[in-house]
Amino acid sequence: MALSLHIAILELKRYLSNRGELAFSVALPIVLFGLTYAVFGGGVSFHATANIVDLDGGPAARELVRRLDALDTITVRERTLESAESALDRSAILAAFVIPEGFSEALESGESVSLTFKRRGNGGEEGQIVAGIVRSVAQEVGRQGRVRRLAMSALEGSGVPPALIDEWTAPLIADSWDNPPVGVDVQYLEGEESNLLYRVVPGILVMFLMFTITLGSQTLVEERRLGTLERLMTTRLTAAQLFLGKFSAHVLRGSVQSLVLLVPAFAVLRVGGLAEFVQIALICVLVAASVSGLAMAITSLVRTRDQASWSAVFITMFMTIFGGTFFDVGDGLLEVLSRFTLNRYAIESMVGILERGQNLGDMGVELGVQAGVGVCAVVLAAALFRTSEGRG
Amino acid sequence: MADTEFLVAHGLRKAFGPFQAVDSVSFTISQREIFGLLGPNGAGKTTVIRMMSTVLKPDDGHISIGGFSVTADSDSVRKLIGVCPQELALYPELSATDNLVFFGRMAGLNGRQARESARENLERVGLQDRARDRVEQFSGGMKRRVNIAIALMSRPQLLFLDEPTVGIDPQSRNHIFETVENLRDEGMTVLYTTHYMEEADRLCDRLAIMDHGSIIGLGTPRELKSEIGNPDRVTLEDVFLEYTGRRLRD
Ligand SMILES: Nc1ncnc2c1ncn2[C@@H]1O[C@H](COP(=O)(O)OP(=O)(O)OP(=O)(O)O)[C@@H](O)[C@H]1O
Ligand SMILES: [Mg+2]
């Protein structure tokens, strides 16, 4: 047991002395999370730019632009007609809205008036959504103009000054903007992807854990190349102690690596609370154990660095692609293949906790597979080593 | 005499595929003896050492060390031996001390003993000033000395030195030489292989000359010399060439 501990310490010391591998384990995850944050901005709500050409410039037109810009989901970019048209020509934008000359005056006098929706193709999904939003805001502005005009004409001759009418209606209008009489609450269907991050974060975690296979599968090849393996075989160290030591080192390395990823995921991207954090961390330790076991099995089977690299790359790629690392495996062949990957069980259990609010207790199968693979693989590795090196 | 025989090898054979690397090798090494194993490249010296140090199983034959069978009781044998392999076997990214302490722990020393022993052995090979430096920054001669120091960490009764002086300058070689003489004086038994005949002549109590996997000459340097002429006039090199011929190997 003590000898295993020293093997583990040695393995970690050697790992830590390698700057490149360290940078890979710490710097790369931080860069990846930076990118994820940039892409998802801490959430996945809709956001778009509305390209507006204001040929009118009157009060109603300005009001429309102001209100669009005030929306969280929309950023207004005002353009000249030429710039909008040339951007559309170049496909730099897919949609633009033109407020025609005389827009404000027409509204004032009660005439109907149209905005022009200039689009390339169907205007793109985003363009169509923006069109819907612009339409509803424009109608709201138009309706308020009409209410004001009706009030004016009804009170004509009553001696009420128009300024007073404006004074009465303005707060009512402002209130209907701030507290719309009908709102829409968003409710996600069970199992529906409410937040892409709930899948992306587990995907990144599992990807990094998978690198344990590449790192760990080199270890005996490397010791054989250095001559230290043969030297170790003349000491009291047994095969079981050798494998237990190296296995533990890689489990620890993988777990610490996961923490480096988990902390920003919870602190910055806010994918969950403390309970989720603890449970996901525990799953990571189990996944680290299963991949470390696989790494030990590979390293005891292969004889050269190339064999180790290719085996590790093949297994990692297979499990990443077919294990639904970043997408749902659905049914059919992919689902069947995915059962032969560790990724599937790892991702499933993490997504369960983040998205469906499940607990570790609900994940007997997933967790059992990880632990089982880890233990079986390391025992197999030691046995293979014993027979191939002819030692007990 | 028989009770002082620390190592007994009898009828050792080892083949790699169809190639017979070691064929019917038998010899004994007495306690406190420096036993030289000489032979051209590919003679089978390293293969014999690997079998004796529990790394490789012989196809046939028997080896006992300190009364324990190397194959049946390898755990007991490993407690008695120290091995300095022909190729360097070090962790380059660790310091000299860390390398020694690690192998000390593998030999069953506790932390304090391992550190103490590392300090002693680094001093013995003249590296006490470089103890904390990474081994990868060392010269070839320094690495060789670390390689030997590691073999001493288990405080072995029998030390295998497989070409410990290959590829290093006369100063380093002389230092290693004196180290081995000191070890012998302290009571260690040594199996030494080398291609340098004057080394073998100066150091070894008895010698075996191997070629093509078999032992073709065995005795004290003086006995071997007198077989081909006047022992005061012939050199061990003459003996070696007489036995193994002048044809190039490998
Ligand atoms: N693992 C192996 N597989 C196949 N052949 C081997 C193996 N180990 C050694 N041999 C062969 O056995 C023969 C003896 O090798 P060995 O290393 O024991 O020679 P040696 O006397 O130590 O030579 P040198 O002086 O060059 O170190 C050589 O021909 C070598 O090629
Ligand atoms: Mg050799």
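We name chains A, B, ... by the order of the sequence lines, and we start the count at 1 in each one.
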query = Between the main-chain N or O of Met106(B) and the side-chain N or O of Arg236(A), is there a donor-acceptor pair closer than 3.5 Å?
reply = no
key: Donor-acceptor pair, side chain of Arg78(B) and main chain of Met233(A), under 3.5 angstrom   =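 Pair found, side chain donor or acceptor close to backbone of Met233(A).
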Given that the side chain runs from C-beta out, which part of [X] has a heavy atom under 4.5 Å from chain B: side chain, backbone, both or neither?
X: Glu223(A); result: side chain
X: Ile7(A); result: both
X: Leu10(A); result: side chain

inquiry  = Can you tell me which portion of Ser53(B) sits under 4.5 Å from chain A's heavy atoms? Options are side chain, backbone, both or neither.
reply    = both
inquiry  = For Asn147(B), which atoms come within 4.5 Å of any heavy atom of chain A: side chain, backbone, both, or neither?
reply    = both
query = Would you say Phe318(A) has more than 12 foreign heavy atoms packed within less than 6.0 Å of its CZ?
reply = yes
Test item: [X] and [Y] side chains (from C-beta on) under 4.5 Å apart, heavy atoms:
X: Leu94(B); Y: Ser17(A); value: no
X: Leu226(A); Y: Leu90(B); value: no
X: Thr228(A); Y: Phe102(B); value: no

query = Charged N to carboxylate O under 4.0 angstrom, Asp98(B) versus Lys13(A)?
reply =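 Between Lys13(A) and Asp98(B) there is a salt bridge, with a charged N closer than 4.0 Å to a carboxylate O.
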ask   = Out of Cys84(B), Ser154(B), Ala89(B), which one racks up the most heavy-atom pairs below 4.5 Å with chain A?
value = Ala89(B)
request  = Using a cut-off of under 4.5 Å on heavy-atom pairs, state which of Ile81(B), Leu88(B), Ile150(B) scores highest against chain A.
outcome  = Ile150(B)
Point-to-point distance, once rounded to the nearest 0.5 Å, from CD of Glu230(A) to CD of Gln86(B) =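 Rounded to the nearest 0.5 Å, the CD-CD separation comes to 10.5 Å.
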inquiry  = Return the CZ to OG1 distance between Arg50(B) and Thr234(A), rounded to the nearest 0.5 Å.
reply    = 11.5 Å
ask   = Distance under 6.0 Å and angle within 45° of the ring axis: does Arg231(A) meet both against Phe103(B)?
value = yes
